[in-house]
Amino acid sequence: QRYGGRCKALSLRGGMSMDVDSRIGANFLNSFGVRDVDDASMRLSSFEHACLQLSSAVSTEKVMEAEAYIRSETRRAGSLLTLLQAITSSTHKTVRQLGSILLRKIIASHWERFISEGVTASSPIQKTKEILLASIIREPDALVRRAHVAALAAITQRL
């Protein structure tokens with residue numbers, strides 16, 4: 001499978017450790033109701049393309065197209081998954097940063113829906129926290145890391 005479940009043990013304060021998927025695993029995809037991995041890959045590719053198009057600002061028309069796509073993608077029910085994939089697997093720092101910024105906004109606007117699913121160890125909100133924590137630790141760029149921290153703070157402030 002494309003999103004195999006490689007795990008990393010992270011050391012936390014106080015000698016605790018936690019296993020965190022270094023990439024989004026198939027079980028995580030299933031927890032979001034995604035049955036078609038190819039569809040998730042296609043959405044990620046389109047999202048990355050739109051982010052890069054937005055950041056390159058070649059023409060006003062292209063920027064408006066990219067904004068429209070990103071706006072429609074973030075309103076979609078499965079947008080959390082696409083943003084998490086962008087944050088964890090994109091090679092472009094602008095895509096990872098914009099993904100975190102948009103994730104923070106989605107968390108704020110869809111919080112009631114996330115909480116209605118419950119807050120268990122396997123819930124989307126808990127998985128999102130784990131993925132963001134792992135991304136913060138692995139992220140080499142300070143500005144992108146700051147965007148990840150802001151997204152994580154948006155979750156922890158509401159819990």
Side-chain angles (χ1 to χ4, degrees), residues 2-3 20-119 122-159:
R2 204 175 219 170
Y3 298 99
V20 177
D21 290 343
S22 59
R23 296 186 58 88
I24 297 177
N27 290 339
F28 185 67
L29 288 172
N30 290 336
S31 72
F32 282 96
V34 175
R35 304 290 181 248
D36 186 5
V37 175
D38 291 332
D39 181 53
S41 297
M42 184 184 72
R43 288 192 182 281
L44 174 60
S45 176
S46 297
F47 180 77
E48 280 186 331
H49 177 71
C51 289
L52 293 173
Q53 192 173 350
L54 184 65
S55 66
S56 66
V58 175
S59 70
T60 305
E61 182 180 295
K62 295 289 185 187
V63 169
M64 289 174 62
E65 281 178 23
E67 286 176 348
Y69 176 79
I70 291 171
R71 197 174 307 116
S72 69
E73 183 65 26
T74 55
R75 289 184 181 146
R76 193 178 57 79
S79 60
L80 179 64
L81 174 65
T82 303
L83 294 175
L84 288 173
Q85 285 180 300
I87 290 167
T88 59
S89 64
S90 180
T91 57
H92 304 283
K93 68 180 183 178
T94 55
V95 174
R96 294 191 309 269
Q97 184 176 9
L98 185 56
S100 283
I101 292 167
L102 293 171
L103 179 63
R104 187 186 70 209
K105 292 179 182 247
I106 283 175
I107 289 167
S109 62
H110 296 286
W111 184 252
E112 294 300 321
R113 183 172 55 89
F114 293 140
I115 291 302
S116 69
E117 296 174 16
V119 183
S122 63
S123 68
I125 204 71
Q126 286 298 108
K127 292 290 186 182
T128 301
K129 282 174 50 179
E130 291 173 5
I131 289 170
L132 282 171
L133 180 60
S135 297
I136 290 166
I137 293 169
R138 281 192 329 262
E139 181 59 53
D141 188 85
L143 291 175
V144 179
R145 197 170 41 248
R146 187 174 295 160
H148 293 342
V149 169
L152 183 60
I155 294 172
T156 56
Q157 285 176 343
R158 287 174 169 78
L159 285 179

Original post:
Which pair of non-hydrogen atoms, one from Ser100 and one from Ala151, has the smallest distance, and what is that distance?
Top reply: O-CB, 3.7 Å
Original post:
Is the side chain of Thr128 donor-acceptor paired with the backbone N or O of Pro124 at a distance under 3.5 Å, no angle test?
Top reply: yes
**OP:** Give, for atom CD of Gln53 and atom OH of Tyr69, the distance between the pair rounded to the nearest 0.5 Å.
**Re:** 11.5 Å
Original post:
How far apart are the closest heavy atoms of Thr88 and Arg138, and which atoms are they?
Top reply: O-NH2, 4.0 Å
Original post:
In Å and rounded to the nearest 0.5 Å, what is the NZ to CG distance from Lys62 to Leu52?
Top reply: 13.5 Å
Original post:
CG of Leu132 to CD1 of Ile107: how many Å apart, nearest 0.5 Å?
Top reply: 6.5 Å
Subject >> NZ-OG distance between Lys105 and Ser79, expressed to the nearest 0.5 angstrom >> reply: 13.5 Å
Original post:
With a 4.5 Å limit on heavy-atom distance, are the side chains of Lys93 and Leu143 in contact?
Top reply: no
Subject >> Exercise: identify the closest heavy-atom pair between Glu73 and Phe47 >> reply: CG-CD1, 4.4 Å
Original post:
Can you find a heavy atom in the side chain of Cys51 that is under 4.5 Å from one in the side chain of Thr94?
Top reply: no
Subject >> Shortest non-hydrogen contact between Leu102 and Leu83, atoms and distance >> reply: C-CD1, 3.9 Å
Original post:
Please walk me through it: do Thr82 and Arg76 pass side-chain hydrogen bond (donor to acceptor under 3.5 Å, both in side chains)?
Top reply: CA-CA 10 Å; Thr82 303; Arg76 193 178 57 79; 2.9 Å; yes
Original post:
From His148 NE2 over to Ile131 CD1, what is the distance, rounded to the nearest 0.5 angstrom?
Top reply: 11.5 Å
Subject >> Glu139: which of Arg145, Arg96, Arg146 passes side-chain hydrogen bond (donor to acceptor under 3.5 Å, both in side chains) >> reply: Arg96
**OP:** Taking all heavy atoms of Ala40 and all of Gln85, pick out the closest pair and write down the distance.
**Re:** O-OE1, 3.5 Å
Original post:
If you measure from CG on Leu98 to CD1 on Ile87, what distance do you get to the nearest 0.5 Å?
Top reply: 9.5 Å
Original post:
Looking only at atom types and distance, does a side-chain atom of Thr74 sit under 3.5 Å from a main-chain N or O of Arg71, one as donor and one as acceptor?
Top reply: yes
